[in-house]
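Notes to accompany the following structure.
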Number of protein chains: 4
Amino acid sequence: MSHNSFGRLFRVTTWGESHGPAIGAVVDGCPPGLALSEAVIQPWLDRRRPGRSRFTTQRQEPDQVRILSGVFEGHTTGTPIALQIDNIDQRSKDYGDIAERFRPGHADLTYTLKYGIRDWRGGGRASARETAMRVAAGAVARLVLGTKVRIRGALVQMGPHAIDRARWNWEAVQANPFFCPDPVAAAQWESYLDGVRRAGSSCGAMVEVVAEGAPPGLGAPIYGKLDADLAAALMSINAVKGVEIGDGFAAALLSGEANADEMHMRDGLVHFASNHAGGILGGISTGQDVVARFAVKPTSSILAPRASVDRQGREVTVTTKGRHDPCVGIRAVPVGEAMMACVLADHLLRQRAQNPDAPDTPRLPRN
Amino acid sequence: MSHNSFGRLFRVTTWGESHGPAIGAVVDGCPPGLALSEAVIQPWLDRRRPGRSRFTTQRQEPDQVRILSGVFEGHTTGTPIALQIDNIDQRSKDYGDIAERFRPGHADLTYTLKYGIRDWRGGGRASARETAMRVAAGAVARLVLGTKVRIRGALVQMGPHAIDRARWNWEAVQANPFFCPDPVAAAQWESYLDGVRRAGSSCGAMVEVVAEGAPPGLGAPIYGKLDADLAAALMSINAVKGVEIGDGFAAALLSGEANADEMHMRDGLVHFASNHAGGILGGISTGQDVVARFAVKPTSSILAPRASVDRQGREVTVTTKGRHDPCVGIRAVPVGEAMMACVLADHLLRQRAQNPDAPDTPRLPRN
Amino acid sequence: MSHNSFGRLFRVTTWGESHGPAIGAVVDGCPPGLALSEAVIQPWLDRRRPGRSRFTTQRQEPDQVRILSGVFEGHTTGTPIALQIDNIDQRSKDYGDIAERFRPGHADLTYTLKYGIRDWRGGGRASARETAMRVAAGAVARLVLGTKVRIRGALVQMGPHAIDRARWNWEAVQANPFFCPDPVAAAQWESYLDGVRRAGSSCGAMVEVVAEGAPPGLGAPIYGKLDADLAAALMSINAVKGVEIGDGFAAALLSGEANADEMHMRDGLVHFASNHAGGILGGISTGQDVVARFAVKPTSSILAPRASVDRQGREVTVTTKGRHDPCVGIRAVPVGEAMMACVLADHLLRQRAQNPDAPDTPRLPRN
Amino acid sequence: MSHNSFGRLFRVTTWGESHGPAIGAVVDGCPPGLALSEAVIQPWLDRRRPGRSRFTTQRQEPDQVRILSGVFEGHTTGTPIALQIDNIDQRSKDYGDIAERFRPGHADLTYTLKYGIRDWRGGGRASARETAMRVAAGAVARLVLGTKVRIRGALVQMGPHAIDRARWNWEAVQANPFFCPDPVAAAQWESYLDGVRRAGSSCGAMVEVVAEGAPPGLGAPIYGKLDADLAAALMSINAVKGVEIGDGFAAALLSGEANADEMHMRDGLVHFASNHAGGILGGISTGQDVVARFAVKPTSSILAPRASVDRQGREVTVTTKGRHDPCVGIRAVPVGEAMMACVLADHLLRQRAQNPDAPDTPRLPRN
């Protein structure tokens with residue numbers, strides 16, 4: 001992860017501000033010969049698109065992606081893939097108030113302290129709008145991973161309201177505006193979030209991303225561990241304050257016996273009795289589901305007045321109008337999936353480079 | 001983070017196995033002119049050294065570091081600093097049992113699946129012994145940061161037993177074998193951990209690291225965010241399963257109002273009424289304390305028998321003898337501090353490169 | 001240098017094919033606060049633009065650059081700068097003949113062997129069209145370097161015809177279509193190149209780039225040496241087959257005495273009696289002019305028929321029509337300048353990070 | 001190439017000063033399962049070792065390499081390989097004279113200007129002694145490349161005396177102290193270099209390195225071109241001032257027809273009638289011999305007095321005693337081979353990652 005690029009071999013660079021003419025990404029290092037077109041990417045973008053329900057920002061952006069390079073006659077060529085989305089619905093005047101004053105809990109202040117200048121319109125570079133390009137890049141990463149690998153995300157907690165995991169149903173995720181896998185919780189969240197929204201407030205959330213079918217051996221210890229790269233990738237998403245793998249923080253409460261994922265053989269493959277590890281041991285994937293979870297703080301742009309300061313160092317009160325997500329964690333679900341896809345794709349290429357003969361299932365003996 | 005190196009400008013590469021002749025690190029990119037000798041590094045290593053109490057591994061390693069390059073007449077020269085520690089107390093025979101069988105919850109299996117070969121003696125490259133070199137590199141990083149930046153860590157939870165933050169006392173951290181800031185909790189942990197140890201079991205833990213005095217402006221959005229780099233750095237430590245910044249996962253429970261760190265002016269500087277953000281907004285440091293927390297799972301090497309498999313794909317039972325930490329989280333405290341130091345040092349250099357005129361306190365107006 | 005990006009801190013990524021909808025660059029890591037607009041970049045692009053004389057390709061491309069991000073109210077913001085040029089004058093049908101057959105001396109074959117697929121229209125990604133984005137990025141790099149650093153290039157040899165260095169005149173460079181610093185040679189080259197062009201042939205050339213005013217201390221030994229980075233940057237330009245610094249290959253002929261650039265003091269600064277070293281010693285700039293030279297092979301797309309093979313592995317004869325530069329070295333002059341600018345800008349930032357107190361002139365004592 | 005590391009996947013980091021206790025390298029990213037021991041590396045080091053004839057420095061260094069990590073039971077494990085050589089024969093007092101004064105043409109001055117401090121003993125980090133570690137790393141790289149790839153180097157010019165290429169004989173290279181492939185030239189050089197040496201002078205040289213059997217497809221355009229990476233790798237060798245590929249600078253003199261390497265089919269493979277390109281087109285290997293040449297300037301440490309300055313900014317005369325190579329180009333031959341090996345190994349892994357199904361011979365059709 002370096003400035004505005006991430007990945008070692010499958011490398012994504014993004015650019016663009018919330019209210020500039022466009023945002024974009026360059027996906028470098030993608031293998032050639034993959035069937036790629038705008039139609040392959042667009043459905044993933046549509047899932048993240050704003051304005052799909054009353055629970056997300058009402059900014060109207062069609063988010064139509066264009067591929068400007070790296071694809072010829074419907075297939076990737078191995079050269080850099082330029083992806084671009086025009087910004088359509090900029091209403092910069094909404095942001096006049098925050099040109100000079102800093103929203104508490106927002107990057108307004110830190111960009112100013114760091115750079116001395118910032119594009120304040122809509123949050124500029126710090127806007128979650130940038131995450132559209134991650135989703136676009138993630139669509140390409142899914143092609144690299146192939147159909148054996150399936151990456152899905154879900155919102156598992158909204159504010160203080162967690163799902164009941166016993167009711168987990170992946171189909172439900174598509175059936176409500178929250179990517180919630182628990183239909184009962186989804187119904188509750190609807191009224192809860194309506195209340196938050198009407199109060200001009202916001203709330204946090206928790207997202208879980210699961211990759212099924214990832215081969216064992218992904219991850220490059222010691223400093224390119226799969227979980228370390230996932231942690232960076234997920235923490236880099238706007239408003240994320242915590243990341244955990246498998247049991248995560250709950251693992252700290254367990255005894256060594258309880259935490260050990262026991263192993264058996266089944267059909268010639270290593271089979272695990274549990275997955276406390278979240279599919280990663282020693283920074284390397286085991287072949288189990290790779291499970292990551294991240295916490296999203298409440299949106300910092302709220303109507304409630306908060307004490308703050310302005311560019312001239314004067315104390316002021318800030319009330320943010322504009323069009324904001326009351327729970328930015330919702331649209332973080334497809335973003336989290338995309339980051340998981342990009343990290344896995346990168347490690348798949350890295351693994352292939354160093355260990356071309358490694359098995360794609362947890363098969364023994366290895367040598 | 002890439003294979004066995006991390007950092008962009010202040011760059012650390014480590015090498016070595018638990019039972020090889022030595023372990024080492026190369027610290028590249030360190031500014032010249034800093035007063036450095038073995039005596040500067042050794043105290044930090046001594047804090048992490050095994051065998052200091054009955055609560056850590058009984059392996060006896062003096063962990064005497066040698067500087068083999070990059071220092072001339074007592075000062076860094078700007079060329080790579082090679083650090084080395086000889087391994088003294090290898091008892092590889094202890095590990096004969098695990099040469100052929102995989103400890104549940106350990107990297108044994110994944111190294112084998114990835115590489116087809118592994119140095120199984122003492123965990124080889126996957127051993128926590130590698131973290132000694134992180135501590136050594138961290139000592140150099142502290143010099144880069146200077147005396148204004150103070151980095152301290154503490155164990156805030158052992159197994160299910162959390163500290164009472166109202167009793168937090170940094171002096172206490174030095175006064176017990178657990179780096180525990182709560183003297184009352186420390187006393188309780190002693191008997192708790194004795195029980196765990198005698199049972200041949202192990203327990204998890206939670207570590208908190210705080211950096212005071214870090215200047216604002218550190219962090220390179222979007223993909224070199226300070227929190228993203230910290231997340232990777234801390235997640236790369238052995239046995240870590242979760243990382244959070246500031247309120248972390250608890251932030252998901254808050255309303256936007258509650259989470260907003262309000263700002264006032266004090267003596268010409270921006271002053272924050274709270275620090276839910278853990279000193280980082282938009283991936284950039286605010287000038288407040290940088291606060292990170294990470295969860296350490298229980299040691300996977302335990303005496304209790306667990307179901308597993310061996311290299312030949314046969315089902316076996318594994319009982320790990322050897323000399324292990326019943327709570328590997330304890331010695332993770334100085335390691336977490338070191339990783340924080342390395343990440344901050346790297347970002348200090350990066351910030352200086354791009355923004356040499358940025359203020360080192362949260363001072364406005366910036367331009 | 002990595003796939004389609006180069007530079008460590010001032011980092012340039014380019015994308016785009018010769019006959020795709022557009023080409024572009026992302027310039028990341030640029031310091032904030034620099035006055036930048038399309039008008040600042042355009043003049044540099046115009047110098048490289050095709051179709052300015054009968055001696056370059058007749059493809060008509062206005063090469064109008066657009067800035068899509070990273071600039072706000074006329075100044076850089078420190079966030080990635082997206083630069084884009086639409087392709088206007090594609091005549092892909094000219095290339096139908098080479099869709100299936102490989103031009104000798106061209107990347108046609110190797111792209112096919114490497115990727116199995118290529119955009120053959122106009123050379124696709126391998127086209128010199130990509131170098132327009134280097135020139136655009138170079139314009140930004142010049143801002144980073146500031147007005148004290150002046151970078152100029154010249155064509156010093158065309159085919160077998162070298163300039164007479166005694167007649168070197170920088171003003172002349174602007175006064176002829178060859179960037180030739182020797183007015184007499186320029187006149188000779190005109191008739192020579194007319195002959196080459198009419199014969200459907202092509203010729204090679206030699207380019208020299210000089211940076212005046214670069215501070216001492218740039219370059220990061222051992223593997224980030226200034227000359228090594230320059231060598232890579234210049235060798236990466238299309239058709240370049242050799243790079244030298246200072247006396248370069250001629251230095252191999254000298255005795256140690258003759259090659260030594262003797263030093264004297266003048267006005268408190270180290271002054272050199274000569275510059276065989278080309279301004280670089282031990283991979284670090286001395287404060288003298290940085291001098292690099294590179295050799296450009298003759299354009300491989302020629303009318304003369306050559307023996308070759310096609311995609312099906314059949315022997316064929318290739319004659320390339322299309323619109324090509326008879327001497328691609330001419331337009332390589334602004335490209336070489338741009339690469340020098342980018343490399344120096346990157347090393348300026350790197351130097352500032354590690355050695356913020358280093359003098360910007362060769363002043364002693366240093367510490 | 002970055003500070004003291006190079007390579008993207010096969011990554012080499014070196015450390016150490018000429019008169020420190022030791023020098024070392026960390027080779028990261030090496031595939032597992034390769035048979036490696038000190039005995040595999042030592043012969044390559046012996047070829048570069050000083051003091052083998054009266055024509056190289058008389059410093060007596062056995063240059064015995066030790067492997068400290070990354071190898072288990074005789075095979076690489078995929079973890080970082082630490083290589084180390086102790087410095088034995090330091091005679092630092094020889095260098096007392098240059099502690100305070102700068103040798104013309106040497107890095108003495110630039111290290112001081114950059115860092116303000118330097119280890120002046122024997123050239124410190126700028127010493128050619130560092131190249132021993134490149135040779136050691138190159139021995140590992142050769143294992144990665146396998147036996148199909150053969151890399152050999154030769155000295156093709158000493159001072160003004162070039163070889164006669166018609167007499168090229170690889171066997172001769174092993175039979176004289178100059179790595180000279182022309183037995184007649186070797187005899188002449190002997191008396192020539194004796195003269196240079198007795199005069200306390202030095203001379204330059206030209207080295208050619210040839211890799212046979214490298215597969216097509218190596219190289220990652222646009223900024224990871226094989227020739228660009230080779231140029232950087234060779235230019236980073238001490239005293240190198242120029243690098244060329246294939247015909248190199250001579251290509252600038254050719255017409256397009258003459259420079260085109262015509263292609264025919266032979267036994268199902270593309271066969272080239274010539275190799276002006278030096279085995280690289282568009283930055284990607286063709287499957288032909290990869291041919292690179294580099295120019296080495298005369299050693300800057302000479303007995304003849306030269307005008308210079310000292311640390312205090314006073315004008316002085318410098319005469320360098322110490323033990324120096326009169327023609328440092330000789331020992332650059334094995335170093336050049338090693339750098340070629342490392343670059344090819346790195347690109348082999350990179351190619352495998354992105355294009356695992358690419359042919360290892362120039363076979364058509366590719367898709």
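Reminder, nothing fancy here: chain letters follow the sequence lines and each chain counts from 1.
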For each of [options], tally heavy-atom pairs with chain C at distances under 4.5 Å, and name the one with the top tally.
options	result
D:Asp261, D:Leu234, D:Val318, D:Leu218	D:Asp261
D:Gly200, D:Ala162, D:Pro221, D:Ser300	D:Pro221
D:Cys203, D:Pro160, D:Ser255	D:Ser255
D:Glu257, D:Gln157, D:Arg293, D:Lys225	D:Glu257
D:Ala307, D:Ala107, D:Pro104	D:Ala307
D:Pro216, D:Gly159, D:Gly283	D:Gly159

[X] versus chain D, the contacting section by heavy-atom distance below 4.5 Å:
X	result
C:Arg350	side chain
C:Ser5	backbone
C:Ala277	both
C:Arg8	side chain

Rounded distance (nearest 0.5 Å) linking atom [atom1] of [X] with atom [atom2] of [Y]:
X	Y	atom1	atom2	answer
C:Leu109	D:Met263	CG	CE	5.5 Å
D:Asp310	C:Leu364	CG	CG	8.0 Å
D:Arg103	C:Leu281	CZ	CG	11.5 Å
D:Asp227	C:Ile237	CG	CD1	11.5 Å
D:Glu315	C:Met265	CD	CE	7.5 Å
D:His3	C:Ile222	NE2	CD1	12.0 Å

Could you have a look at [options] and say which one has the most heavy-atom pairs with chain D under 4.5 angstrom?
options	result
C:Leu230, C:Val243, C:Asp229, C:Val12	C:Val243
C:Leu113, C:Asp357, C:Thr14	C:Leu113
C:Ala258, C:Ala260, C:Ser2	C:Ser2
C:Gly282, C:Gly278, C:Gly217, C:Ser285	C:Gly217
C:Ser236, C:Ala304, C:Ala233, C:Pro305	C:Ser236
C:Pro362, C:Ser308, C:Pro359, C:Ala126	C:Ser308

Quick one: what part of [X] sits under 4.5 Å from any heavy atom of chain C, side chain, backbone, both or neither?
X	answer
D:Phe272	side chain
D:Ile302	side chain
D:Val270	side chain

- Item | Residues in ring pair (Phe, Tyr, Trp, His ring centres under 6.0 Å) contact with C:His161, at least two apart in sequence or another chain |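 Partners of C:His161 under the ring pair (Phe, Tyr, Trp, His ring centres under 6.0 Å) test: C:Tyr192.
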
Contacts under 3.5 angstrom, residues 246-254 of chain C side chains, donor-acceptor by atom type, not counting sequence neighbours:
unit_1	atom_1	unit_2	atom_2	d
C:Asp247	OD2	C:His276	ND1	2.5

- Evaluate the side-chain proximity of D:Met235 to C:Ile280: yes if any heavy-atom separation is below 4.5 Å, no if none is.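 No, side chains not in contact.
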
